[in-house]
Participant: 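Sharing a structure with you now.
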Number of protein chains: 2
Amino acid sequence: MNPGVTGRGTAAAAVLGAVLRHGPVARTTIARLTGLSPAAVTRNCAALAGLGLLTEVAGPLPYRGVGRPHTPVDVETGRHLVAGIHVAHEHCTLALLDLRGRVRARLKVPHRDPDDHEEVLATAADRLVRLHAEHLPGHVPLGLGVAAGGWVDTEAGVLVEHASLGWRDVPVRDLLAARTGLPVLVDSHARALARAEQLFGAAGHHESLVHLFVGNVVDAAIITGGGAHRGTRSAAGGVAHLALGDPAIECPCGRNGCLEATVSDRAWAWRAYEAGVIARPSIADLGDAAVAGDPAATALLVDRARIVARAAALLFDIVNPDVVVVTELGVIRLPECADAVRAEVAATSRACPSPSAVLPSSFGRDVLGVAAGSVQLDAIYADPLDIRNPIRLGV
Amino acid sequence: MNPGVTGRGTAAAAVLGAVLRHGPVARTTIARLTGLSPAAVTRNCAALAGLGLLTEVAGPLPYRGVGRPHTPVDVETGRHLVAGIHVAHEHCTLALLDLRGRVRARLKVPHRDPDDHEEVLATAADRLVRLHAEHLPGHVPLGLGVAAGGWVDTEAGVLVEHASLGWRDVPVRDLLAARTGLPVLVDSHARALARAEQLFGAAGHHESLVHLFVGNVVDAAIITGGGAHRGTRSAAGGVAHLALGDPAIECPCGRNGCLEATVSDRAWAWRAYEAGVIARPSIADLGDAAVAGDPAATALLVDRARIVARAAALLFDIVNPDVVVVTELGVIRLPECADAVRAEVAATSRACPSPSAVLPSSFGRDVLGVAAGSVQLDAIYADPLDIRNPIRLGV
DNA sequence: GCCACTTTTTTGCCCAGCGCAACGAAGTGC
DNA sequence: GCACTTCGTTGCGCTGGGCAAAAAAGTGGC
């Protein structure tokens, strides 16, 4: 309750957050970064080290010639890990992450019967247990994060409505907790990724950011003042059906010109396929063609980037975040697309602070796993002293 | 630092906030509302009463027949007040508000020389001192809030750029503080009003709200999770230049179809004037005509409401707040306009929880004064124990 | 009028957690 | 070996919350 000290959350969270962002770092530096007293930093570091979240490292001391040298501390990545399950249309992506959000093991599990959610989740859980046993048996799992597209009730841990699988009111948390014995948290894909970008990605230390995701669904997530913004009905960031797209395209929602109907992976792949640019309607093929140097493919992806930029510009104007992170195939793989978005945003938006405020996503092929694990990591970094060493994975 | 107890801010703020919202209320009820223990409520109430922010009232006890009766406490409106100066294009609006945000005295001061900001502010300050001496000499002023359209640096208390007066980098806080001896806070019009609606208006206890202001400028303000969202460059809520308006209309910004260029008071009054509905291009005349029953005037205002509704729908989808409060002449004065907005939003937005989530502004003719005073009241309710009884008004 | 009973409010005590300041630690340069 | 500098730790006091016991302020029965 001392003013201006910790911002939101506990002091321990502030300390751990500073350590995460500023690599191996001396305690006095942490004190400066967080505004805490050196004494408080020492005590919190001790508590965090006791939980195995922090270690002293024998730093490559860049000695300053005078005074007692630093004893840098860093996030302990060798003892704990976090599991993640991302539930998509055709498969689950499983991942084990360390506390720096790095994927240490991954596995893609196709759904046997997509309609049978119990079977899908049970299989995912079992494979996860095996993944852990095979790859990182020495690491203690702290929890499991689940990310999915669509509407999620985070409090209840229920997947209210999955965007493409058609699941309804699936009690994901309880099902997976029973099967793994781990604490389980569930959140929407977009919010999880936004938080991941803030914790581990290029968006680094920015206090506010917007994450714009373009895949088969289009969704945005807003983070302001330290926390993800959910909105009344957990529906914040609904940009899918804004009329920013091609007015000639009908959307299943009944209106025309919806952003999602125009620029989703599926829609754009079809557009490219029909234009004869690729041999089958696959967005990955389009990306490969463009990366290989096909000018028509590149042009198509740049076109998409320009439309995506309209949404980014809108978000800049309305939310005015420090940065907008864009997860979209073209922007990630082709510099031309990223430039196109930046140029378009700079030209359209009044509030975009600088072109460099538009960033491509940082997680490459591992996005889905990182998203899922980050659901749990978010909670750990928000209140690190609250972790309960769980029962061993696998019950 | 005890989990889940006070939400954001101090316990005293939670207590005072609960008292503000729930009228005269028993301490036990406050405990239930805030999640604090009865003991903590007692202590905080004592502290707040000591500062003169709270009183015990000899309540009209609705006695429940058994047990010790309540001793209701309420916000003390008879000892302190807050001053406000709203700086507009042609005049300053001065107001003295009590702690419930009610305007107790008001005065409109036309600018003698709009270009001479020092003179304008000095005159406003002097008239404010006189207003206090004449009307409420017994009340102790706690501070002065300044609201203005345009770009405001709240930290520095500087009006970076006024929307219509053309002022630049005016150190409003220092000028007025020197002249009045009061603590001065400066904020943008839109944010101040949003906060006022949340504190004193119909938006009551909603945690998140968006305020959409349509006057000669068009602006939105976003409040989430307890605090106004400023954005990186204090530019959050920039809806003025979204392409939601009439594509035939050119905007000074260089593009076409901007919302502000289409629906601002000035623009719409001209439209009505040119259509022959009113005798001179005045939005007030248009409102009067509509209220008097002129169907053409009403139709024009309903048209405007529909366009405004597009912005409201957009804000619902992107921010997903509990409510959107609309400050616009038609919506405030004509039920038809409010209904038009509700219908349009319900039809367009996917995230609007219910038509009743669109509310007209609550402050009638006093909006400007309330906005200005609320800049200061906001700070008081955010950290009530922090008030310093200032030097007597007038130095 | 007095007592049992109920509910509100206060008081006393304990405990977490931070800041302050003094102290111990670990180096360099002379 | 000693002065000096900076880093990290420890002891102490303060703030402010919770818990539990006590006090307060009524009603209704006798």
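Chain A is the first sequence line, chain B the second, and so forth, proteins listed ahead of strands; every chain is numbered from 1.
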Participant: Would you kindly give the CG-to-P distance between A:Asn44 and C:dG19, to the nearest whole Å?
Facilitator: 9 Å

Participant: I'd like to know if B:Arg79 pairs up with B:Asp98 as an ion pair, taking the criterion as any Lys NZ or Arg NE/NH1/NH2 lying under 4.0 Å from an Asp or Glu carboxylate oxygen.
Facilitator: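 Salt bridge: no.
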
Participant: What is the distance, to the nearest angstrom, from the CD1 atom on B:Ile30 to the P atom on D:dG18?
Facilitator: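 Nearest whole value for this atom pair: 14 Å.
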
Participant: Over how many whole Å does the gap from B:Leu385 atom CG to D:dT15 atom P extend?
Facilitator: 13 Å

Participant: Check the distance between D:dG16's C1' and B:Leu48's CG and give it to me in whole angstrom.
Facilitator: 14 Å

Participant: Between D:dG18, D:dG8, C:dG27, which nucleotide has the shortest distance from any of its atoms to the side chain of B:Leu36?
Facilitator: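 Shortest atom-to-atom distance from the side chain points to D:dG18.
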
Participant: Over how many whole Å does the gap from B:Arg68 atom CZ to D:dT27 atom P extend?
Facilitator: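 To the nearest whole Å, that distance equals 13 Å.
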
Participant: D:dG17 phosphate, OP1 or OP2: any side-chain N/O from B:Ser37 under 4.0 angstrom?
Facilitator: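 Answer no for this pair, as no side-chain N or O of B:Ser37 is under 4.0 Å from OP1 or OP2.
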
Participant: Please collect all salt bridge (Lys or Arg N to Asp or Glu O under 4.0 Å) contacts where either partner lies in residues 197-206 of chain A, sequence neighbours excluded, each pair once.
Facilitator: none

Participant: Between A:Glu76 and A:Arg100, does any side-chain N to carboxylate O distance fall below 4.0 Å?
Facilitator: no

Participant: Write down the atom of B:Leu193, the atom of B:Ala371, and the distance for their closest heavy-atom approach.
Facilitator: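 Result for this residue pair: CG-CB, 3.7 Å.
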
Participant: Salt bridge (charged side-chain N to carboxylate O under 4.0 Å, His left out) between B:Arg173 and B:Asp153: does it pass, once the steps are laid out?
Facilitator: CA-CA 10 Å; B:Arg173 183 179 64 199; B:Asp153 182 338; over 6 Å; no

Participant: Among A:Val186, A:Val375, A:Val184, find the residue that satisfies the side-chain contact (heavy atoms from CB on, under 4.5 Å) test when tested with A:Leu144.
Facilitator: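 Going through A:Val186, A:Val375, A:Val184 one by one, the side-chain contact (heavy atoms from CB on, under 4.5 Å) with A:Leu144 is satisfied by A:Val184 alone.
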
Participant: Quick one: is A:Arg27 getting a side-chain N or O under 4.0 Å of the D:dT6 phosphate, OP1 or OP2?
Facilitator: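 The answer is no; no side-chain N or O of A:Arg27 sits under 4.0 Å from OP1 or OP2.
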
Participant: For A:Asp383 and C:dA16, give me the distance from atom CG to atom C1', rounded to whole Å.
Facilitator: 14 Å

Participant: Rounded to whole angstrom units, what separation is found between the CD atom of B:Glu56 and the P atom of C:dT9?
Facilitator: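 So the two atoms are 8 Å apart, to the nearest Å.
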
Participant: Between the protein and nucleotides 10-12 of chain D, are there any N/O to N/O pairs under 3.5 Å, and if so, what are the atom names and distances?
Facilitator:
from: D:dG11; atom 1: O6; to: A:Arg43; atom 2: NH1; distance (Å): 3.4

Participant: Under 4.0 Å between a side-chain N or O of A:Thr28 and OP1 or OP2 of D:dT6?
Facilitator: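 No, no such contact exists.
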
Participant: List the residues meeting side chain to side chain contact (heavy atoms under 4.5 Å, CB included) with A:Leu53, not counting sequence neighbours, and say none if there are none.
Facilitator: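 A:Leu53 satisfies side chain to side chain contact (heavy atoms under 4.5 Å, CB included) with A:Leu16, A:Leu48, A:Leu51, A:His80, A:Leu99, A:Leu142, A:Pro384, A:Ile387 only.
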
